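A quick write-up on the structure given underneath.
A quick note: this is a predicted structure, and the numbers were derived from the prediction, not measured.
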There are 2 protein chains.
Amino acid sequence: MNKPRIKTMEDLSLAIGVSRPTLSRFFQDPSLVKAKTVAKIEKGLEQVEYVPNFFATRLNRKSTRMIGVIIPYLNDLFFTELLEAVEVAAMDAGLTVITQCSHSDPAIEARAAETFMSMNVDGAIVAPLGDHSDQMVYQRLKSRMPFVLMDSRPKTMPDVDYVGTNHAQSTGLITEYLSRVGGPPVFLAMPRVNFNAVERENGYIAKMNELGLVPEVIGAEFVNENWHFEDHGEAVLAAEFARGRFTDRSILCANDRVAIGALRAASRHGLAPGQLKKGGLRIAGHDDYLLCPYLNPPLTTVAQDTASIGRKAVLRMLQLIRGEVIDDTPEITLFDGNLVVRNSA
Amino acid sequence: MNKPRIKTMEDLSLAIGVSRPTLSRFFQDPSLVKAKTVAKIEKGLEQVEYVPNFFATRLNRKSTRMIGVIIPYLNDLFFTELLEAVEVAAMDAGLTVITQCSHSDPAIEARAAETFMSMNVDGAIVAPLGDHSDQMVYQRLKSRMPFVLMDSRPKTMPDVDYVGTNHAQSTGLITEYLSRVGGPPVFLAMPRVNFNAVERENGYIAKMNELGLVPEVIGAEFVNENWHFEDHGEAVLAAEFARGRFTDRSILCANDRVAIGALRAASRHGLAPGQLKKGGLRIAGHDDYLLCPYLNPPLTTVAQDTASIGRKAVLRMLQLIRGEVIDDTPEITLFDGNLVVRNSA
DNA sequence: TCCCTTTTTTGACACACGTAAACTTTGCAG
DNA sequence: CTGCAAAGTTTACGTGTGTCAAAAAAGGGA
């Protein structure tokens, strides 16, 4: 059971009786080698323990068949969904994914980019940290390799391929729904950690104007830009409820995690969102966080098409890697959100 | 702003006017080079764009300063917490973490292990998939590099270092609490995706016996071993409630995600767990999932010390890498759980 | 059997850097 | 000025594989 361990391809070629270049071709693509020789090699491989050295392999290749992915935050089911979609698509394309997490720290994000450059990855897919990101790092990354932004796009980088959600559409969609089933919705903003925050707010305002309603935004004055969305949502709404405000209104939260906090505030104030008999309070979110169906009440929201976003980001990356891109105008792909009506609104 | 790009250390040494070996030492540890020379090099680096090649760097080193981490599942906040703890600890130790996710597929898990071996990572920390994992892969991994199991431990691998939670203690703790505040708790088992499922069940039974109570387990007969914990919890409990059973009991769920499903079942049946005036139903979980405080009602649970587990796994790994381990008996480290009382029980 | 084509092998160089030994320069005290 | 240690340079070789051209071998048809 304990096979002899062979470290180098050289030694392996001696053990099997095939030349090293032939082995090299075999490991890259067995179809490049005659069937008979393939059989001989495979038989030999069963006798020993050998794994080609990853580094030596990539060192002298034009393409490393690896892509780097940066996400800002691990403990957020939205980003894990996105990452999963990317990983699956990349796996299908035969790419090795190197994942790095910024841990909401621009310095770590910059270091991750540095790592990608030193690894000569074929390209980088980045879900940016937001305002605090070091823009210079992105510029360097872009000048060195194919580069695709995902989920959120800094205004300072209009010339980069981008895949995300059409927030004007998605936010408009749920704004319209809330207006239809209840009174004019209020927008509970989220900490402005990235550019989506503003886009959603604008999407809400635009739709309200279109409907001839007066937009109303709360929670935007909280300036502590962190990722504690739930606490933010609860704090803002608890303060409002304490003053007797918004207890019978439709409240559109900038994302589901804010909405989770909002639901908690409602619960603590004895309010039951979504049930008209207990007053007109409605709470809705945005993203369709994995746990939304299991909240109490289940959260009405707009689903982001994470599967499509992740897949598209990888496909675009492949095009860039293969040089199949003719014009150099950036490709902006926005996927529509889908309304998911549950009990909370 | 666009600095000239230098690819090799050789070229860089020419550009700066310092020998290549000196540069090599500088990049490994600037303190190995005289301050004056350091200044000269750093000044030179500002003029050009150069990043040492990751592969070439690692190729000829005895230690790659990289560790591999495998987690079974991305869309689970428990594992992301664990991963975060590992990444932070590894970063502090100056290690580069290569993360791979099994996506609940043994074949992918095996491939990830293969990647680690070909990368010559210094060691591997694995949160195993469970019963379905290919045990041979673990054996090969262990025979090739320092190997630490985390979170869950296959019974077939008793000779491996392991860091996890003391489930007998943690489950016992909450079993005791539930017995004290209410009637004898029922155990709602989880799909047996890994070995923790059994350990927790046993922990519950042991504590019940100790208390002179009769253990009662439900939900164990569901054999579809997947990761849809919420659906499982809801389905089991909904079926029981429909038969009028357990509506006034304390229900200890095998983990928080099962409990989330249980809460939903309760809500759908008009039950309000944790509030005595509405009957004696209590629901508790295990893990202290990040969202527990925001559930409705907030979930009473036992917190796993993910921060300590992750850190300890890395520290043990460092010991193994440095060869500081004298005896070859495996080190088993179990952290206690902490009771977190909220409103649901 | 001979010739031609397809495979395979051989040898050599490239990749970008680590590492060690021998040698040279530098800095400083006496 | 001499002696000496620390720092830096040169030189050479090692790391495991990719890649290419040329040579050799194998295979197939007449």
Looking at A:Glu324 and A:Arg316, does any basic side-chain N land under 4.0 Å from a carboxylate oxygen? no
Taking 4.0 angstrom as the limit, do B:Lys7 and B:Glu49 come out as a salt bridge? no
Give, for atom CG of A:Leu83 and atom CG of A:Leu77, the distance between the pair rounded to the nearest 0.5 Å. 12.0 Å
Solution key, residues 145-159 of chain B side-chain donor-acceptor pairs under 3.5 Å, sequence neighbours excluded:
{"residue": "B:Asp151", "atom": "OD1", "partner": "B:Asn196", "partner atom": "ND2", "Å": "3.4"}
{"residue": "B:Thr156", "atom": "OG1", "partner": "B:Gln135", "partner atom": "OE1", "Å": "2.9"}

Examine B:Arg58 relative to B:Phe54 and say whether NZ or CZ is less than 6.0 Å from the centre of the six-membered ring and inside a 45° cone about the ring axis. yes
Between the protein and nucleotides 10-18 of chain D, which nitrogen or oxygen pairs come in under 3.5 angstrom?
{"residue": "D:dG14", "atom": "N2", "partner": "B:Asn60", "partner atom": "ND2", "Å": "3.0"}
{"residue": "D:dG14", "atom": "N3", "partner": "B:Asn60", "partner atom": "ND2", "Å": "3.4"}
{"residue": "D:dT15", "atom": "O4'", "partner": "B:Asn60", "partner atom": "OD1", "Å": "3.1"}
{"residue": "D:dT17", "atom": "OP1", "partner": "A:Tyr50", "partner atom": "OH", "Å": "2.6"}
{"residue": "D:dT17", "atom": "OP1", "partner": "A:Asn53", "partner atom": "N", "Å": "2.8"}
{"residue": "D:dT17", "atom": "OP2", "partner": "A:Met9", "partner atom": "N", "Å": "2.4"}
{"residue": "D:dT17", "atom": "OP2", "partner": "A:Tyr50", "partner atom": "OH", "Å": "3.4"}
{"residue": "D:dG18", "atom": "OP2", "partner": "A:Ser24", "partner atom": "OG", "Å": "2.2"}
{"residue": "D:dG18", "atom": "O6", "partner": "A:Arg20", "partner atom": "NH2", "Å": "3.1"}
{"residue": "D:dG18", "atom": "N3", "partner": "A:Asn60", "partner atom": "ND2", "Å": "3.2"}

For atom CD1 of B:Ile16 and atom P of D:dG8, their distance in whole Å: 14 Å
Between CE of A:Met119 and P of C:dC17 the distance, given in whole Å, is 15 Å
Determine the minimum heavy-atom distance between A:Pro72 and A:Ala127, stating which atoms define it. CD-O, 3.4 Å
Between D:dA7 and B:Thr37, is there an OP1 or OP2 to side-chain N/O distance shorter than 4.0 Å? no
No-hydrogen, no-angle side-chain donor-acceptor test under 3.5 Å, A:Asn75 and B:Glu81: no
Can you find a heavy atom in the side chain of A:Ile98 that is under 4.5 Å from one in the side chain of A:Ile67? no
Polar pairs (N or O, both sides) under 3.5 Å between protein and nucleotides 21-26 of chain D?
none

